[in-house]
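Encoded as structure tokens, the structure appears first; notes follow it.
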There are 2 protein chains.
Amino acid sequence: MKQETRQEEIIRVAAKLFKEKGYSAVTMRDLATAMNIKAASLYNHINSKQDILESIIISIAEKFTVGMTSVLASNATCIEKLKEIIALHVEISSQNIYGMAALNHDWMHLESQLNHYKKLRSDYENDFKTILIEGVNSGEIIDIKPDVMMFSILTTLRSLYLWIPKKEDVNLKELTNNLNEILIKGVVK
Amino acid sequence: MKQETRQEEIIRVAAKLFKEKGYSAVTMRDLATAMNIKAASLYNHINSKQDILESIIISIAEKFTVGMTSVLASNATCIEKLKEIIALHVEISSQNIYGMAALNHDWMHLESQLNHYKKLRSDYENDFKTILIEGVNSGEIIDIKPDVMMFSILTTLRSLYLWIPKKEDVNLKELTNNLNEILIKGVVK
DNA sequence: CAAACAAACTAACAAGTGTTAGTTTGTTAG
DNA sequence: CTAACAAACTAACACTTGTTAGTTTGTTTG
């Protein structure tokens, strides 16, 4: 178990605060208080508030990119690929609950990395849509606008971070199975 | 067609800015610039920045409460009730795209009205869950944790504001029908 | 022991924050 | 014509913001 550096600790605590109030509403003095030090001391470990946001968002966004690459490489059916994507979101979200909040709420406050983030996101969405279109063409998936299907599934997956912490006893395996059912087969009996 | 007051205009423009950067990152000077006046002049029409946020969020939250009351009053099947809720979200979201962003992102910045908002939201979620549980009991709906079903459907519906504006040509009737299919019957053929 | 280092501190800065007070301007109603 | 009003303005306030400079403290390493 690798020891957490002071910098990593600051970034982790910052993500937690960002989830509660959003990037703009969290001051360096808030963050310092949460770390039990003075605001100026933070700068021994980090370069700027913006750098903290970048670290949080870009590292997670790249995890999704890596995950999607691996899904695309598999030669499973489209429905199987969808299930892999669902599992990917459950895994990343459960391991980065606070970071996911920053990614969803505060990406627009990125500065130098804004375009990089946007590229990663639009590539991800395009890959997702491609999988759905293949499923429609092969007859696995209903013939409804792929945009609407992607939106529907992806927004649920992107909001997992809001919900996972509420039920601490939730079994992630069970959650994944339930989402597979609901997102793919619907709720009707 | 009722003429928009200056106050309503300010609130409408504020909601637009809040969607782009969030409540905390929008300054009264930003808002004034968008209105082509000076920041101090805003205070001839509104009491405070906080008041603007309250107006936006509470008015929409109450629309949902009214809508849910009407759904509960109908004696349709649970699946039909679900479809009514979907239609409710499409309607309110399409008519309040910017306000929905504030409601989803900035509710935690409410001050005196925070508890009021939270109550409206938790009542809404409880009513939603009750409908699902009735559906499970009557055999209309699959027997999966109602919490997970509600989360899945509701997060998609709550995020509609992110997506509706992108396709200006989207037919709302068609969108509603597609969501009915996807959220209720899933995407599998 | 001495040098190096990690990590905290105090003090201060320039810029930006929401908001108030008091005033001016142009339009509408008696 | 004048009184009333809506809606803008300038100037300023007290406070908060992210950040820098320079210093102190205690621990680790040669």
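Fair warning: this is a prediction, and the values are worked out from it, not measured in the lab. Convention: sequence-line order gives letters A, B, ...; per-chain numbering from 1.
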| field | Polar side-chain contact B:R29-C:dG16 base: donor and acceptor under 3.5 Å | value | no
Value in whole Å for how far the [atom2] atom of [N] lies from [atom1] of [X]:
| X | N | atom1 | atom2 | answer |
| --- | --- | --- | --- | --- |
| A:Q7 | C:dA8 | CD | C1' | 17 Å |
| B:L42 | D:dA7 | CG | P | 13 Å |
| B:E9 | D:dA8 | CD | P | 9 Å |
| A:I37 | D:dT25 | CD1 | P | 18 Å |
| A:E4 | C:dA6 | CD | P | 18 Å |
| B:Y43 | D:dA8 | OH | P | 15 Å |
| B:E111 | C:dT19 | CD | P | 9 Å |
| B:H109 | C:dG18 | NE2 | P | 13 Å |

[X] side chain, from C-beta outward: closest of [options]:
| X | options | result |
| --- | --- | --- |
| A:K38 | C:dG18, D:dA7, C:dT10 | C:dT10 |
| A:S41 | D:dG18, C:dT19, C:dC9 | C:dC9 |
| B:R6 | D:dG18, D:dA7, D:dT20 | D:dA7 |
| A:S48 | C:dA8, D:dC9, D:dT19 | D:dT19 |
| B:H45 | C:dC9, C:dA7, D:dA8 | D:dA8 |
| B:T27 | D:dA8, C:dG18, D:dG18 | C:dG18 |

| Any link between A:L114 and A:F18 through a network of hydrophobic side chains (Ile, Leu, Val, Met, Phe, Trp, Tyr) touching at under 4.5 Å? | yes
| Does one hydrophobic cluster hold both A:I46 and A:I58, with members joined at side-chain heavy-atom distances below 4.5 Å? | yes
| query | Hey, are A:E54 and A:S112 close enough side-chain-wise for a donor-acceptor pair under 3.5 Å? | reply | yes
| For B:Y23, is the NZ or CZ atom of B:K49 found under 6.0 angstrom from the centre of its six-membered ring and inside 45 degrees of the ring axis? | yes
| said: Between A:K81 and A:E84, does any NZ, NE, NH1 or NH2 come within less than 4.0 Å of an OD or OE carboxylate oxygen? | reply: no
| field | Given DNA chain D, 5'-ward residue of the pair A:N47 and B:N44, judged by closest heavy atom | value | B:N44
| request: Using heavy atoms to find the nearest nucleotide of DNA chain C for B:Y23 and A:N36 separately, return the residue whose nucleotide is more 5′. | output: A:N36
| query | Applying a 3.5 Å limit to both distances, which nucleotide forms a Watson-Crick or G-U wobble pair with C:dT24? | reply | D:dA7
